[in-house]
Amino acid sequence: PIKNGVQIATVKADEEDHPSGVTVTRTTQTLYQTAAIRKLTIQGSGFNSATDLTFDPPLVKGTDYTQRFVNANKIVLTLKKGTTHSNPRRWRWEGGPLLVTSINVGGKEGAIKVGSGGQGIQVANILFDPTVE
């Protein structure tokens, strides 16, 4: 009930955004661009072995990373090695947030946009690779 005012919005939790129940949980895992520890854990709900994720900046499954389905709440991504030492694969070409912008679990819904207004949900904070001068 609203008193002496006008309701302008209803704030919903991210998991309420889509009736399918498919969610991605916001996390701030910290990884280096090309670090030896190349695993990124994506958590949420409604995952299956056919799950496809869309990232910002873009990453391509099978080219940039491999994906292992753990259970309906967890997927582990592993950054692939580059073609040469001077051209390694990177989670991001610059430091910054890695976002999941949509998820497709193979249902009739197709790709489901995630995050506020489909802007994405941060799943990692990517740091520049350390250097020694």
Side-chain angles (χ1 to χ4, degrees):
I2 299 173
K3 294 182 180 182
N4 300 326
V6 176
Q7 181 175 351
I8 59 169
T10 301
V11 178
K12 300 187 306 182
D14 285 339
E15 60 269 11
E16 294 178 28
D17 281 349
H18 200 272
S20 68
V22 175
T23 65
V24 175
T25 302
R26 182 178 312 277
T27 60
T28 55
Q29 299 170 76
T30 300
L31 299 169
Y32 287 105
Q33 293 168 297
T34 62
I37 300 171
R38 302 172 184 274
K39 295 195 185 307
L40 171 62
T41 301
I42 307 291
Q43 297 188 8
S45 63
F47 301 160
N48 61 40
S49 60
T51 297
D52 280 320
L53 303 166
T54 303
F55 291 94
D56 181 21
L59 292 169
V60 179
K61 181 167 64 171
T63 301
D64 297 313
Y65 67 93
T66 60
Q67 180 174 300
R68 182 173 57 88
F69 170 73
V70 176
N71 59 44
N73 302 311
K74 185 177 184 180
I75 292 174
V76 176
L77 310 181
T78 303
L79 188 64
K80 292 182 89 170
K81 293 186 179 187
T83 53
T84 65
H85 180 68
S86 61
N87 185 25
R89 300 272 182 226
R90 292 176 166 84
W91 289 115
R92 276 186 65 109
W93 285 96
E94 299 174 343
L98 180 62
L99 307 175
V100 170
T101 56
S102 69
I103 182 169
N104 188 336
V105 295
K108 64 181 180 202
E109 305 89 3
I112 300 166
K113 292 187 180 210
V114 297
S116 179
Q119 295 296 310
I121 290 182
Q122 182 174 348
V123 292
N125 183 38
I126 308 301
L127 302 177
F128 283 103
D129 284 341
T131 58
V132 177
E133 294 185 22

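Residue numbers count from 1 along this sequence.
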Connected via hydrophobic side-chain network under 4.5 Å: Val123 and Ile112: yes
Is any side-chain heavy atom of Lys61 closer than 4.5 Å to one of Leu53? no
Are Leu79 and Phe69 joined in one hydrophobic group, where the rule is that I, L, V, M, F, W and Y side chains link up if heavy atoms are under 4.5 Å apart? yes
What distance separates Gln29 CD from Thr41 OG1, expressed to the nearest 0.5 Å? 5.0 Å
Could you grab the distance from atom CZ of Arg90 to atom CG of Asp64, nearest 0.5 Å is fine? 11.5 Å
What's the separation between atom CD1 in Ile121 and atom OG1 in Thr25, rounded to the nearest 0.5 Å? 7.5 Å
Which atom pair, heavy atoms only, marks the closest approach of Val22 to Gly46? CG2-O, 4.1 Å
Looking at Arg89 and Thr63, would you say the former's side chain and the latter's main chain have a donor-acceptor pair under 3.5 Å? yes
Any side-chain to backbone donor/acceptor pair from Thr101 onto Thr54? Under 3.5 Å, distance only. yes
Supply the atom-to-atom distance Leu98 CG to Leu40 CG, rounded to the nearest 0.5 angstrom. 6.5 Å
In Å, rounded to the nearest 0.5 Å, how long is the span from NZ of Lys39 to CG of Leu31? 11.5 Å
Candidate pair Phe55 and Val100, rule side chain to side chain contact (heavy atoms under 4.5 Å, CB included), full reasoning: CA-CA 5 Å; Phe55 291 94; Val100 170; 3.6 Å; yes
Looking at Lys80 and Gly62, would you say the former's side chain and the latter's main chain have a donor-acceptor pair under 3.5 Å? yes
Examine distances only and state if a side-chain atom of Arg92 and a backbone atom of Pro97 form a donor-acceptor pair shorter than 3.5 Å. yes
State, yes or no, whether a side-chain contact exists between Ile103 and Thr51 at a heavy-atom distance under 4.5 Å. yes
Can you find a side-chain donor-acceptor pair between Ser45 and Thr23 that sits under 3.5 Å? yes
Is Asn48 reaching over with its side chain to a backbone N or O of Val105, donor-acceptor style, under 3.5 angstrom? yes
With a 3.5 Å distance limit and no angle check, can you tell me whether Asp129 reaches the backbone of Gln33 through a side-chain donor-acceptor pair? yes
Restricting to non-hydrogen atoms, name the atom on Tyr32 and the atom on Trp91 that form the minimum distance, rounded to 0.1 Å. O-CD1, 3.6 Å
Examine the side chains of Lys113 and Ser102 and answer whether a donor and an acceptor come within less than 3.5 Å of each other. no
Would you mind reporting whether Ile42 and Phe47 have side-chain heavy atoms less than 4.5 Å apart? yes
Do Ile75 and Leu77 have side chains that get closer than 4.5 Å, going by heavy atoms? yes
